[in-house]
J.: 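Here it is: the structure, laid out below.
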Amino acid sequence: MLKKSDKVFEYPSVKLHGFTISGEMSAPVKLSVQGIANLLELASSTNTSTTMASITYPDKGNRVIFNSDAHVWINDEDGDALDSGDAIAPSGFQLTFNRPMAADHTAGSSDCDEPTDDGFPEVSLTLNFPRYNDANDAFFTDWEAFTRKKMEISFKGPLIADTYYYEFTLSFPNLKVVDPEAAISGPGKIPMSLTFRCLGTDTAPTGMTGIVEPFHIDIQNTRTTDPLA
């Protein structure tokens, strides 16, 4: 991290254990990542202010934007394939993944031990609606009846070529409503928030062939190399 023009914070070894993807209407979607570092190096000879200044970004322009070209579709997990008839209109969302880990400092070493698992992974999805109405009131019924849902959140960007666009899609094959809330804070409109627990499934639901994980991400862009390579 380039903290100042002449000051770099280096973390030689970092193990990631969680992330959050969130978005609000008419704004870029944000990604924050949580990790455990072995130590903080303030005088690195490898990552200096000079080397940090030479870093380039693969693409600064084509960011994922939560706008009118995005859609949020949801229906029952055992229902038909998702389409525009299943659209809902939240004003924001937040996907949170956490794989609990712990690391300890022990005698004889200046850094911490290798982080290890310290609990079961957890995945949750929260939707925020500007007002409580008949459409999102149905989620209270789903919560009471333990009805499982499936959902797709998709973002569409500029045209790449022919019929191909920049796209970013989140798919959820098995959602359980755990916390619908329509809190009254005053005389104005009543906002509504809705939290799901994202679960895996033994059989992919209709329209989500091969997707059985708690969530699945599809990205379409112009990159030709493996981002994990």
J.: Do Leu127 and Phe196 make a side-chain contact, defined as non-hydrogen atoms from C-beta onward lying under 4.5 Å apart?
T.: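 The answer is yes; the side chains approach within 4.5 Å.
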
J.: Report the relative orientation of the aromatic rings in Phe168 and Phe155; use parallel for angles under 30°, tilted for 30 to 60°, perpendicular for over 60°.
T.: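 Ring orientation of Phe168 relative to Phe155: tilted.
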
J.: Asn38 and Tyr11: side-chain donor and acceptor closer than 3.5 Å?
T.: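 No.
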
J.: With clusters built from Ile, Leu, Val, Met, Phe, Trp and Tyr whose side-chain heavy atoms come within less than 4.5 Å, directly or transitively, what are the remaining members of the cluster of Leu199, listed by chain and number?
T.: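 Its cluster mates, by chain and number: none.
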
J.: Starting from Ile211, walk the hydrophobic network (Ile, Leu, Val, Met, Phe, Trp, Tyr; side-chain heavy atoms closer than 4.5 Å) and list everyone else you reach, by chain and number.
T.: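 Under the 4.5 Å side-chain rule, Ile211 groups with Trp73, Leu82, Met208.
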
J.: Answer yes or no: is there a side-chain heavy-atom contact under 4.5 Å between Asp118 and His17?
T.: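 Sidechains of His17 and Asp118: no contact.
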
J.: For atom NZ of Lys30, is the number of surrounding heavy atoms from other residues, nucleotides or ligands below 6.0 Å larger than 12?
T.: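 Open: at most 12 neighbouring heavy atoms sit under 6.0 Å from NZ of Lys30.
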
J.: Please verify the inter-ring angle class for Phe19 with Phe215; under 30° counts as parallel, over 60° as perpendicular, anything in between as tilted.
T.: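 Because their plane-to-plane angle is over 60°, the rings of Phe19 and Phe215 count as perpendicular.
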
J.: Might you work through the salt bridge (charged side-chain N to carboxylate O under 4.0 Å, His left out) test for Asp76 and Lys149, ending with a clear yes or no?
T.: CA-CA 4 Å; Asp76 290 350; Lys149 315 293 286 188; 2.7 Å; yes

J.: Do Asp86 and Ile74 come close enough that some side-chain heavy atom pair is under 4.5 Å?
T.: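 Not in contact.
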
J.: So does Asp134 have more than 12 non-hydrogen atoms from other groups sitting under 6.0 Å from CG?
T.: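 Not buried by this count: 12 neighbours or fewer within 6.0 Å.
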
J.: Between Asp218 and Gln220, is the side-chain contact (heavy atoms from CB on, under 4.5 Å) condition met? List the steps.
T.: CA-CA 7 Å; Asp218 286 298; Gln220 182 164 273; over 6 Å; no

J.: Please check if the number of heavy atoms outside Leu42 that lie under 6.0 Å from its CG is greater than 12.
T.: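 Yes, the 6.0 Å shell around CG holds more than 12 heavy atoms from other groups.
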
J.: Could you check whether any side-chain heavy atom of Ile88 comes within less than 4.5 Å of a side-chain heavy atom of Phe129, counting everything from C-beta outward?
T.: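 Contact flag for Ile88/Phe129 side chains = yes.
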
J.: Check the pair Arg99, Asp117 against salt bridge (charged side-chain N to carboxylate O under 4.0 Å, His left out), reporting the backbone distance first and the verdict last.
T.: CA-CA 7 Å; Arg99 181 181 178 181; Asp117 289 339; 3.1 Å; yes

J.: Within a strict 4.5 Å, meaning less than it, do heavy atoms of the Tyr166 and Val64 side chains meet?
T.: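 Of all side-chain heavy-atom pairs linking Val64 with Tyr166, none is under 4.5 Å.
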
J.: Quick one: are Pro173 and Val212 in side-chain contact, heavy atoms under 4.5 Å?
T.: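 SC-SC contact between Pro173 and Val212 ruled out.
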
J.: With distance as the sole test, does Thr126 use its side chain to make a donor-acceptor pair with the main-chain N or O of Gln94 at under 3.5 Å?
T.: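 Pair absent, no side-chain N/O of Thr126 close to backbone of Gln94.
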
